[in-house]
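Take a look at this one; I'll ask things after.
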2 protein chains.
Amino acid sequence: MVTKKLGGILSPPDLSSPTGGRGNAFDPDCPTRVVLDRIGDKWTVLVIGALARGPLRFTELRARVGGVAPKVLTQTLRAMERDGLLTRTVFAQVPPRVDYALTELGVSLGGPIAVLTDWAETHVGTILAARDDFVAQEA
Amino acid sequence: MVTKKLGGILSPPDLSSPTGGRGNAFDPDCPTRVVLDRIGDKWTVLVIGALARGPLRFTELRARVGGVAPKVLTQTLRAMERDGLLTRTVFAQVPPRVDYALTELGVSLGGPIAVLTDWAETHVGTILAARDDFVAQEA
DNA sequence: CGGTATCCACGGCGATACTG
DNA sequence: CAGTATCGCCGTGGATACCG
């Protein structure tokens with residue numbers, strides 16, 4: 001019974017408000033919006049996956065994730081650190097060494113992501129097929 | 001035990017491949033990437049929420065979602081229709097009437113989204129607090 | 001009512017080069 | 001090793017106006 005279980009953003013929020021009140025995704029402070037903005041980007045989910053087994057250094061992380069420019073990886077890591085998803089540990093030595101590790105919060109985010117991933121793997125075939133049909137129908 | 005449960009994109013995919021093989025998010029055909037690209041946008045999740053209780057017409061949908069330009073709503077709906085998440089039914093009458101309704105696939109996507117929403121509502125406080133700390137630390 | 005057409009601002013992301 | 005600096009593309013999405 002999915003529709004009854006849909007909490008938060010999925011339930012008609014507050015019909016007395018013209019905008020639907022809180023819980024609306026165009027509200028930058030909406031919890032779901034915050035999370036979606038974080039995992040919706042190109043690299044965050046991959047970083048979480050790469051760090052799931054344990055801490056990694058910058059270059060290891062880069063190699064594990066694959067194909068990401070250093071600037072962009074830095075941006076991603078800073079944002080995740082800022083949001084408490086991972087910790088950045090600098091070792092005072094030469095050559096420099098910086099470890100990135102998931103926090104409890106970061107690890108716990110893996111749960112919902114795994115659910116999403118499971119759904120994706122199960123249903124992506126249907127989606128892709130629908131796309132093909134749609135394109136074919138235009139012709 | 002979350003880390004053990006992390007399937008798909010979250011597990012180190014294929015270490016024999018330089019890019020990590022399948023299951024990588026920078027691969028446009030990666031299931032998780034496909035889904036993330038869909039729900040990561042600004043309006044799709046809200047549309048799913050709005051349609052969870054039943055079909056709506058274009059204008060009703062627009063009012064329910066709130067603050068979305070017609071062009072953008074059309075774009076969103078077309079993309080969702082294309083991917084098989086909803087159906088678009090045109091009634092041949094004047095004035096025109098067009099109904100939008102979730103498909104089974106669209107409804108089922110509500111499950112993972114609800115999980116994400118639950119996580120978001122539980123942990124957004126921690127995230128926001130981390131942000132404040134981070135900003136405060138810069139000063 | 002249910003859209004299109006047009007224009008445009010913004011931010012994410014990438015390539016390349018350089019540095020403490 | 002672990003980044004920063006700079007440049008620039010381009011896709012999303014918003015404002016406004018118009019249409020069958």
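Just so we're on the same page: letters track the sequence lines, and every chain starts at 1.
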* To do: For A/Pro70 and for A/Asp41, locate the closest nucleotide of DNA chain C by heavy-atom distance; then report the residue assigned to the nucleotide nearer the 5' terminus.
  =>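 Closer to the 5' end of DNA chain C: A/Asp41.
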
Exercise. Got B/Val98 and B/Arg57 here, is their nearest side-chain heavy-atom distance under 4.5 Å?
Worked result: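 Of all side-chain heavy-atom pairs linking B/Arg57 with B/Val98, none is under 4.5 Å.
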
Looking at C/dC1, I'd like to know if its phosphate oxygens (OP1 or OP2) sit under 4.0 Å from a side-chain N or O belonging to B/Arg57.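 Looking at the OP1 and OP2 atoms of C/dC1, neither is under 4.0 Å from any side-chain N or O of B/Arg57.
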
Point to revise | Per B/Trp43 side chain, nearest of listed nucleotides C/dC1, D/dG13, C/dG3 | key: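 The listed nucleotide nearest to B/Trp43's side chain is D/dG13.
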
task: Take A/Val35 and A/Arg38 through the test side-chain contact (heavy atoms from CB on, under 4.5 Å) and record every step on the way to the result.
output: CA-CA 5 Å; A/Val35 174; A/Arg38 185 113 315 293; 5.6 Å; no

Worksheet item: Which of the following nucleotides, D/dG14, C/dC1, C/dA15, is nearest to the side chain of A/Ala69?
Response: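 That would be C/dA15.
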
*Which listed nucleotide (C/dG3, D/dT4, C/dC1) is nearest to the side chain of A/Thr74?*
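Of the candidates, D/dT4 comes closest.
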
Check your understanding: For A/Tyr100 and D/dA2, what is the distance between atoms OH and C1' respectively, to the nearest whole Å?
Key ->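 After rounding, the reported distance stands at 8 Å.
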
Checking contacts here: which listed nucleotide (C/dC13, C/dG3, D/dT4) is nearest the side-chain heavy atoms of B/Arg78?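 Nearest to the side-chain atoms of B/Arg78, counting from C-beta on, is C/dG3.
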
Subject >> Atom-to-atom span, CG of B/Leu77 to P of D/dG13 - whole angstrom >> reply: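 That distance rounds to 13 Å.
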
Please state how far atom CD in A/Gln75 lies from atom P in D/dA2, giving the value in whole angstrom units.
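In whole Å, D/dA2 P lies 18 Å from A/Gln75 CD.
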
Tell me whether the side-chain N/O atoms of A/Thr59 come closer than 4.0 Å to OP1 or OP2 in D/dA2.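 Yes, within the criterion.
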
Checklist entry - Does the side chain of B/Glu81 reach to within under 4.5 Å of the side chain of B/Arg78, using non-hydrogen atoms? => result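 B/Glu81 reaches B/Arg78 side chain to side chain.
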
Review point. Whole Å only: how far is the CZ atom of B/Arg62 from the P atom of C/dG3?
Key: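 B/Arg62 atom CZ is separated from C/dG3 atom P by 12 Å.
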
Inset, instruction - Report the distance from atom CG of A/Asp83 to atom CG of B/Asp133, rounding to the nearest 0.5 Å. - result: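 A/Asp83 atom CG to B/Asp133 atom CG measures 11.5 Å (nearest 0.5 Å).
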
To the nearest angstrom, how far is A/Lys42 atom NZ from C/dG11 atom C1'?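 Taking atom C1' of C/dG11 as the reference, NZ of A/Lys42 is at 15 Å.
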
Under the 3.5 Å rule, do the base of C/dG3 and the side chain of B/Lys71 count as making a donor-acceptor pair?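 A donor-acceptor contact between them is absent.
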
query: Hey, does the Lys NZ or Arg CZ of B/Arg97 hover above the aromatic six-ring of B/Phe91, less than 6.0 Å from the centre and inside 45° of the axis?
result: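 Yes - B/Arg97 lies over the ring of B/Phe91, closer than 6.0 Å to its centre and within 45° of its axis.
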
Rounded to the nearest angstrom, tell me the gap between atom CD in A/Glu81 and atom C1' in D/dA2.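 Going from CD in A/Glu81 over to C1' in D/dA2 covers 14 Å.
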
Quiz prompt | Residue A/Val98, side-chain atoms from C-beta onward, closest of C/dG2, D/dG14, D/dA2 | solution =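 Taking heavy atoms from C-beta onward, the closest nucleotide is D/dA2.
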
For this session: Using atom CG of A/Leu61 as one end and atom C1' of D/dC1 as the other, report the distance to the nearest whole Å.
Result: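 Those two atoms, CG and C1', are 14 Å apart.
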
Strictly below 4.0 Å: does B/Arg97 bring a side-chain N or O up to OP1 or OP2 of C/dG2?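 So the side-chain polar atoms of B/Arg97 never come under 4.0 Å of the phosphate oxygens OP1 or OP2 of C/dG2.
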
- Item | Distance, rounded to the nearest Å, where A/Leu73 contributes CG and D/dT4 contributes C1' |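 Those two atoms, CG and C1', are 13 Å apart.
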
With respect to the side chain of A/Arg88, which nucleotide from D/dG3, C/dG3, D/dG13 is positioned closest?
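Nearest nucleotide to the side chain: D/dG3.
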
